[in-house]
Amino acid sequence: MIRTNGLKKLYTTEEVETTALNNVTLEIKEGEFVSIMGPSGCGKSTLLNVLGLLDNPSGGEYFFLETEVSKFSERQRAQLRKENIGFVFQSFNLIDELTVFENVELPLLYLGVPTTERKKRVNEVLERMEIAHRMGHFPQQLSGGQQQRVAVSRAIVSNPKLILADEPTGNLDSERGDEVMNLLTTLNDGGTTIVMVTHSPAYAEYGNRVVHLFDGHIVTENFNEKFRV
């Protein structure tokens, strides 16, 4: 599903050039659950943004679904994102002025899904995430765990092939964090590819592979023994 070769990302100002990603070569197969770890500032979120087609790399190759996308325009990247990728963020990124239902419906509006189908799919995913009883509430009326359930619902309502999760448990207590990790595991068991950035060694072990970044490059990759056949 994902293959990078010598991926680089530079940020340049008038005074300094910062290397966020340095020669990252990585392959993620369809159906994998990959955890990305490393200290703050090592390039984890930058890598996720590039993999999620939110940003273009400065160099190297990036193949997504067998297509080389590193030089794609914003319009081309946006189309691929809409059709294939769901995002879950630490800060939830819900729209305060929209209800739970409307937040989850948003990706389907962008895809032009008809009204009846949108309603059906939103209701189904809210039931699945056990948050349907809050569909008329606004984000600020929900607990952190409930907000993250809404964020996960929004990420999966369009049935994406890939979910990118950036510290999805970072703002949650351990009980709510465990709930989110169990949700992601269930989605992965259903065939969805998951790539998750986390600082938690315990949550990283939910994945079948842990990739460690340091100073913008991969230093180690470890396979979770419980997933080996």
Participant: Quiz question: by atom type and distance under 3.5 Å, do the side chains of Tyr203 and Asp178 form a donor-acceptor pair?
Facilitator: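 Asp178 and Tyr203 do have a side-chain donor-acceptor pair below 3.5 Å.
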Participant: To the nearest 0.5 Å, what is the distance between NZ (Lys82) and CG (Leu111)?
Facilitator: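 The NZ atom of Lys82 sits 6.5 Å away from the CG atom of Leu111.
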Participant: Side chains of Leu184 and Phe33: does their closest heavy-atom pair fall under 4.5 Å?
Facilitator: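 Sidechains of Phe33 and Leu184: in contact.
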Participant: Just by modelled atom types, is the Asn49 backbone N or O under 3.5 Å from a matching donor or acceptor in the Asp55 side chain?
Facilitator: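 No: the side chain of Asp55 does not pair with the backbone of Asn49.
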Participant: Under a 4.0 Å N-O cut-off, is there an ion pair linking Lys120 with Glu124?
Facilitator: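 Here Lys120 pairs with Glu124 in a salt bridge, since their nearest N and O are under 4.0 Å apart.
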Participant: Would you say that more than 12 heavy atoms from the other residues, nucleotides or ligands in this model lie under 6.0 Å from the CZ of Phe72, or not?
Facilitator: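 Atom CZ in Phe72 is packed in, count exceeds 12.
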Participant: Show your working on side chain to side chain contact (heavy atoms under 4.5 Å, CB included) between Glu102 and Val122 and close with a plain yes or no.
Facilitator: CA-CA 9 Å; Glu102 292 165 339; Val122 172; over 6 Å; no
Participant: Search all heavy atoms of Gly216 against all heavy atoms of Val24 and return the closest pair with its distance.
Facilitator: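 Minimum heavy-atom contact is O-CG2, 3.3 Å.
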Participant: Just verifying a value: how many Å separate Leu53 CG and Ile85 CD1, rounded to the nearest 0.5 Å?
Facilitator: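 Those atoms lie 4.5 Å apart.
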Participant: Is there side-chain contact between Pro168 and Met196, with at least one heavy-atom pair below 4.5 Å?
Facilitator: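 Yes, at least one pair of side-chain atoms sits under 4.5 Å.
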Participant: How many angstroms lie between OG1 in Thr18 and NZ in Lys9, if you round to the nearest 0.5 Å?
Facilitator: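 If I round to the nearest 0.5 Å, the distance is 12.0 Å.
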Participant: Are Arg118 and Val157 close enough that some pair of their side-chain heavy atoms sits under 4.5 Å apart?
Facilitator: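 A side-chain contact under 4.5 Å is absent here.
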Participant: Show your reasoning for whether side chain to side chain contact (heavy atoms under 4.5 Å, CB included) applies to Arg121 and Asn159.
Facilitator: CA-CA 10 Å; Arg121 287 168 68 170; Asn159 299 317; 3.6 Å; yes
Participant: Quick check for you: to the nearest 0.5 Å, what is the distance between Gln140 atom CD and Asp96 atom CG?
Facilitator: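 Output value for this atom pair is 4.5 Å.
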Participant: Minimum heavy-atom separation for Gln147 and Leu142, please, with both atom names.
Facilitator: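 Closest pair (atom of Gln147, atom of Leu142, distance): NE2-O, 3.4 Å.
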Participant: Going from CG on Leu109 to OG on Ser158, what distance comes out if it is rounded to the nearest 0.5 angstrom?
Facilitator: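 If I round to the nearest 0.5 Å, the distance is 12.0 Å.
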Participant: Could you tell me if the side chain of Ile28 sits less than 4.5 Å from the side chain of Met1, heavy atoms only?
Facilitator: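 Met1 vs Ile28: side chains apart.
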Participant: Just by distance, do the side chain of Glu167 and the backbone of Ser91 share a donor-acceptor pair under 3.5 Å?
Facilitator: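 Not at all, since once roles are kept as given, no pair shorter than 3.5 Å links the two residues.
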Participant: Donor-acceptor check, side chain of Gln146 to backbone of Ser143, threshold 3.5 angstrom: yes or no?
Facilitator: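 The answer is yes, because a donor-acceptor pair under 3.5 Å joins these two groups.
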Participant: Considering only heavy atoms from C-beta outward, does the side chain of Leu187 approach that of Arg128 to under 4.5 Å?
Facilitator: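 The answer is yes; the side chains approach within 4.5 Å.
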Participant: Can you tell whether the side chains of Glu32 and Lys29 come within less than 4.0 Å, N to carboxylate O?
Facilitator: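 The answer is no: the pair does not qualify as a salt bridge.
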Participant: If we ignore hydrogens and angles and just use 3.5 Å, is the side chain of Glu83 paired with the main-chain N or O of Leu80 as donor and acceptor?
Facilitator: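 No, the answer is negative, given that no donor and acceptor are paired below the 3.5 Å cut-off.
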Participant: To the nearest 0.5 angstrom, please state how far the CD1 atom of Ile131 sits from the CD atom of Gln148.
Facilitator: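 Rounded to the nearest 0.5 Å, the CD1-CD separation comes out at 11.5 Å.
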Participant: Check whether any side-chain heavy atom of Glu105 sits under 4.5 Å from a side-chain heavy atom of Leu98, and report yes or no.
Facilitator: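 The answer is no, as the side chains (C-beta and beyond) never meet within the 4.5 Å cut-off.
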Participant: Regarding Glu68 and Ser70, do their side chains bring together a donor and an acceptor under 3.5 Å, going by distance alone?
Facilitator: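 Per modelled atom types, Glu68 and Ser70 side chains form a pair under 3.5 Å.
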Participant: Could you tell me if the side chain of Thr193 sits less than 4.5 Å from the side chain of Ile2, heavy atoms only?
Facilitator: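 No. Closest side-chain heavy atoms not under 4.5 Å.
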Participant: Run His212 and Asn222 through side chain to side chain contact (heavy atoms under 4.5 Å, CB included) and show every step you take.
Facilitator: CA-CA 8 Å; His212 294 267; Asn222 305 114; 3.3 Å; yes
Participant: Any sub-3.5 Å donor-acceptor pair from Thr4's side-chain atoms to Tyr62's backbone N or O?
Facilitator: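 Looks like no, no N/O pair under 3.5 Å.
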Participant: Applying salt bridge (Lys or Arg N to Asp or Glu O under 4.0 Å) to Arg149 and Glu179, what does each step give before you reach the verdict?
Facilitator: CA-CA 9 Å; Arg149 281 180 176 271; Glu179 284 183 8; 3.2 Å; yes
Participant: State, to 0.1 Å, how close Gly136 and Thr99 come at their nearest heavy-atom pair, and which atoms those are.
Facilitator: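 Scanning both residues completely, I find the closest heavy atoms to be O-CG2, 3.7 Å.
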Participant: Taking all non-hydrogen atoms of both residues, which atom of Asn23 and which atom of Lys8 are closest, and how far apart?
Facilitator: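 Asn23 and Lys8 have their closest heavy atoms at N-CG, 3.7 Å.
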Participant: Within a reach of under 6.0 Å around CD of Glu66, are more than 12 heavy atoms found that belong to other residues, nucleotides or ligands?
Facilitator: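 Open: at most 12 neighbouring heavy atoms sit under 6.0 Å from CD of Glu66.
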Participant: Do Val69 and Phe63 share a hydrophobic cluster (ILVMFWY, side-chain heavy atoms under 4.5 Å, transitive)?
Facilitator: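 Val69 does not cluster with Phe63.
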Participant: State plainly whether the residues Glu74 and Arg81 are in salt-bridge range, i.e. N to O under 4.0 Å.
Facilitator: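 Between Arg81 and Glu74 there is a salt bridge, with a charged N closer than 4.0 Å to a carboxylate O.
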Participant: Please say yes or no: joined through hydrophobic side-chain contacts below 4.5 Å, possibly via intermediate residues, are Met129 and Met181 part of one cluster?
Facilitator: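 In one cluster: yes.
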Participant: Specify the closest pair of heavy atoms between Val50 and Pro57, including all atoms of both residues, with the distance to one decimal.
Facilitator: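 Looking at all heavy atoms of both residues, the shortest contact is CG1-CD, 4.1 Å.
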Participant: Has the side chain of Lys44 got a donor or acceptor atom that lies under 3.5 Å from a matching backbone atom of Pro39?
Facilitator: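 Yes; at least one donor-acceptor contact below 3.5 Å.
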Participant: Report yes if some heavy atom in the side chain of Leu162 is under 4.5 Å from a heavy atom in the side chain of Thr192; otherwise report no.
Facilitator: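 Result no, sub-4.5 Å side-chain heavy-atom pair not found.
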Participant: Establish whether Val210 and Leu47 are linked, either directly or via other cluster members, by ILVMFWY side-chain heavy-atom contacts under 4.5 Å.
Facilitator: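 No, no single cluster joins them.
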Participant: Among Leu48, Val88, Ile36, which residue meets the side-chain contact (heavy atoms from CB on, under 4.5 Å) test with Asp166?
Facilitator: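 Option passing the side-chain contact (heavy atoms from CB on, under 4.5 Å) with Asp166: Leu48.
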Participant: Are Arg209 and Glu221 close enough, and set up right, to give a salt bridge (Lys or Arg N to Asp or Glu O under 4.0 Å), and what steps lead you there?
Facilitator: CA-CA 7 Å; Arg209 179 158 49 118; Glu221 290 188 59; 2.5 Å; yes
Participant: Honestly curious: do Leu94 and Leu106 fall in one hydrophobic cluster under the side-chain, below-4.5 Å linking rule?
Facilitator: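 Different clusters.
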Participant: For Asn56 and Arg77, which I'm curious about, is there any donor-acceptor pair between the side chains at under 3.5 Å?
Facilitator: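 Looking only at side-chain atoms, Arg77 and Asn56 do form a donor-acceptor pair, the distance falling under 3.5 Å.
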Participant: Taking all heavy atoms of Pro160 and all of Gly86, pick out the closest pair and write down the distance.
Facilitator: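 Nearest heavy atoms, Pro160 then Gly86: CB-N, 3.6 Å.
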Participant: What's the verdict on side chain to side chain contact (heavy atoms under 4.5 Å, CB included) for Leu65 and Glu30, showing C-alpha distance, side-chain angles and the deciding distance?
Facilitator: CA-CA 9 Å; Leu65 298 176; Glu30 188 170 349; 5.7 Å; no
Participant: Using a strict cut-off of less than 4.0 Å between a Lys/Arg side-chain nitrogen and an Asp/Glu carboxylate oxygen, indicate whether Arg3 and Glu27 qualify as a salt bridge.
Facilitator: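 Not counted as a salt bridge, because no side-chain N and carboxylate O are separated by less than 4.0 Å.
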Participant: How about OH on Tyr11, more than 12 heavy atoms from neighbouring residues, nucleotides or ligands closer than 6.0 Å, or not?
Facilitator: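 Enclosed.
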Participant: Is it true that a side-chain atom of Asn188 and a backbone atom of Gly31 form a donor plus acceptor pair closer than 3.5 Å?
Facilitator: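 At least one qualifying donor-acceptor pair exists.
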Participant: Please confirm whether the backbone N or O of Leu10 pairs with a side-chain atom of Thr19, one donor and one acceptor, at under 3.5 Å?
Facilitator: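 Answer holds: no.
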Participant: Kindly work out whether a path of hydrophobic side-chain contacts (I/L/V/M/F/W/Y, heavy atoms less than 4.5 Å apart) joins Leu126 to Phe138.
Facilitator: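 No.
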